Amino acid sequence: MKKIVCLAVSILLCIFAVGCGSDYDEPHRHLYMTNKTQPTCSSKGYTRYECTKCGYVVISDYVNALSTGGHVYDDCVCLECGDFLADEATVNEGFTFAEETDESGNAVYAVTGICSKECRYLKIPTEYEGIPVTKIADKAFYNLLNLQHVILPEGIVSIGEEAFQYCTLLKSVAIPETVKSIGPGAFWDCQRLEKISLKHVTQIGECAFLDCFQLMSVELAEGVKYVDAGAFDDCRNLINVLIPNSVRSIYIGAFKNCANLQNIYYHGTKAQWNAIYKYSDWGGENAWDAETGNYTVYCLDGELKKGERA
C-alpha cells in the first residue's frame, strides 16, 4: 500500500532518503515524479511527489486557497478559479458526428464538433443513436477559447489531429484507458493544461503537446516505440519524464525548449538508453533535447548526466 505523508519540512529531506519501509525491501534513493495541484477558491494547492521505484508518496509545498468566499459555479465550472464539478457534469447538447467503420467493419461514430463555441466543459457521450462513439475527429474542438475541462468516456480509442489545438484555457482532460493514440498537434498550445494521463497511450503524434506550458510530468506507456518530432516541444515547466524501455527512437525536437527538465526516469539500463536513436543535430538547435535543463537520466543500473554516455 502506498503511504501518504504530509510534511512541513523541506521535500529535499525526503528526496535523498534511503529505503521505503515495509512495502519495498530493496534500499534505494527515492526518484520522484512531480504533480502539482493548483489552489482553488476553497482548497489549498499542493505538490505530490511519487517515487517511480516503490510508489512512496510525499505531499508538500502547500499553497493557500485563493479566497475565503467559496466557489461561484456556473455550468459546473467555477467562474473564479476554474474548479470543475466533474461528477455533476452532464453530456453536452449539440455535438455533431460522422459515421465510420472500425477495423472489424462495425459501425462507429466519431465526434466532429459541437454547435456551441462557448462551452466551458465537454462531456462526450458513449454512444449516438445506439452506436458506440470511439473517436474524436481531426479538429473536432479546434480553437474553443472558453473550454477548460474535457471528460472522455470509456470506448474512445483515438484523439484526432489538432482535435483540441488552441484551446488555450484547457486545464484538464480525463482520458480513459481505452485511448491508444493521440494525433499530431492534438493539444498544441493548450497553455494551461496541467496534467494528463498517458499511461495507456501507445502512439503520440508529432507536436501533440507543443506549447503546453503548464505540464510538469509526463509518463509514457509501456509499448510506446518512439517519441515523435516536437511532441513535447516548449513544455517549459516540464520537470519529470518517465520513458519505458520499449522506446527505440526520440525524434527531432521531441523535448526541445523544455528549459526546466530535470529528471528522465528510464525503465532500462544505461546501455539500453544509449542504444536508443536520438536525433542529435550534432548538438544543434533541433536536437531532441535542445535548450533543455541539465537533466539526469535515471536508469536501472545507474545515472547519466545530460550528454553523458555509459
Side-chain angles (χ1 to χ4, degrees), residues 11-12 14-18 28-36 47 49-54 184 187-188 195-196 198-199 201-310:
I11 193 65
L12 291 176
C14 292
I15 290 177
F16 295 101
V18 176
H28 65 280
R29 185 178 71 175
H30 293 310
L31 300 175
Y32 287 107
M33 288 284 283
T34 306
N35 278 295
K36 181 175 288 187
T47 302
Y49 302 85
E50 181 173 353
C51 179
T52 61
K53 289 188 174 182
C54 67
F187 295 96
W188 186 337
K195 59 184 72 173
I196 192 166
L198 303 174
K199 292 182 179 181
V201 179
T202 54
Q203 185 173 352
I204 300 172
E206 62 183 37
C207 301
F209 295 94
L210 175 65
D211 291 343
C212 290
F213 300 149
Q214 298 304 318
L215 273 182
M216 293 184 64
S217 296
V218 168
E219 182 173 348
L220 300 180
E222 185 64 41
V224 171
K225 300 297 184 184
Y226 59 88
V227 185
D228 215 337
F232 299 96
D233 186 356
D234 207 21
C235 292
R236 57 188 65 172
N237 283 306
L238 186 62
I239 297 173
N240 307 299
V241 178
L242 192 150
I243 297 178
N245 64 6
S246 58
V247 169
R248 298 292 178 263
S249 303
I250 303 178
Y251 291 123
I252 179 172
F255 294 98
K256 180 181 176 182
N257 296 318
C258 294
N260 286 299
L261 184 60
Q262 297 176 19
N263 308 305
I264 296 177
Y265 303 109
Y266 176 62
H267 284 178
T269 65
K270 290 188 287 186
Q272 288 174 314
W273 173 257
N274 287 332
I276 295 174
Y277 167 78
K278 308 178 191 71
Y279 187 88
S280 68
D281 195 29
W282 300 101
E285 63 180 13
N286 290 315
W288 73 277
D289 61 348
E291 304 298 327
T292 63
N294 291 320
Y295 59 81
T296 299
V297 182
Y298 296 96
C299 304
L300 297 179
D301 59 348
E303 304 172 6
L304 295 169
K305 298 297 183 183
K306 181 178 180 179
E308 181 183 1
R309 295 184 63 85

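We're numbering straight along the sequence, starting at 1. Just so you know, these numbers come straight off a predicted model, no measurement behind them. What you see below is based on every heavy atom in this structure, not just the backbone, and it leaves out hydrogens, waters and symmetry mates.
Q272 CD to S246 OG: the interatomic distance, rounded to the nearest 0.5 Å, is 11.0 Å. A distance of 10.5 Å separates CD of E291 from CG of D233, quoted to the nearest 0.5 Å. Taking CG of L238 as the reference point, atom CD of Q262 lies at 10.0 Å (rounded to 0.5 Å). Between the OG atom in S249 and the CG atom in D228 there is a gap of 10.0 Å [rounded to 0.5 Å]. Distance check, rounded to the nearest 0.5 Å: OH of Y265 to SG of C51 gives 8.0 Å.
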Just do the side-chain contact (heavy atoms from CB on, under 4.5 Å) check on I196 and F187 with the steps written out, would you? CA-CA 11 Å; I196 192 166; F187 295 96; 4.1 Å; yes

For side-chain contact (heavy atoms from CB on, under 4.5 Å), just list the numbers for N286 and K256, CA-CA rounded to whole Å, side-chain angles, deciding distance to a tenth of an Å, and then say yes or no. CA-CA 7 Å; N286 290 315; K256 180 181 176 182; 3.3 Å; yes

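I264 is listed as a side-chain neighbour of W273, based on a closest heavy-atom distance under 4.5 Å. Counting only heavy atoms from C-beta outward, the side chains of C299 and T269 never approach each other to under 4.5 Å. Contact check for L304 versus T296: no side-chain heavy atoms found under the 4.5 Å cut-off. Side-chain contact check for I239 versus N263: some heavy-atom pair is nearer than 4.5 Å. In this structure the side chain of K306 reaches within 4.5 angstrom of the side chain of T292, judged on heavy atoms. Side-chain contact between Y279 and I250: absent, with no pair of heavy atoms (C-beta onward) separated by less than 4.5 Å.
At distances below 3.5 Å, at least one donor-acceptor pair connects side-chain atoms of D301 with backbone N or O atoms of K270. For R248 (side chain) and N245 (main-chain N/O), a donor-acceptor pair under 3.5 Å exists by modelled atom type. One N or O on the side chain of N260 and one on the backbone of R236 form a donor-acceptor pair closer than 3.5 Å.
In plain terms, the two heavy atoms of A287 and S280 that are nearest each other are CB-O, 3.0 Å. Contact detail for F232 and C258: the closest heavy-atom pair is O-SG, 3.2 Å.
By the 30° and 60° cut-offs, the orientation of the rings of Y251 relative to Y277 is tilted.
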Contacts table for residues 209-227: side-chain donor-acceptor under 3.5 angstrom, sequence neighbours left out:
from: S217; atom 1: OG; to: T34; atom 2: N; distance (Å): 3.3
from: S217; atom 1: OG; to: T34; atom 2: O; distance (Å): 2.1
from: S217; atom 1: OG; to: N240; atom 2: ND2; distance (Å): 3.4

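Within the structure, the salt bridge (Lys or Arg N to Asp or Glu O under 4.0 Å) test picks out no pair touching residues 272-287 (sequence neighbours left out).
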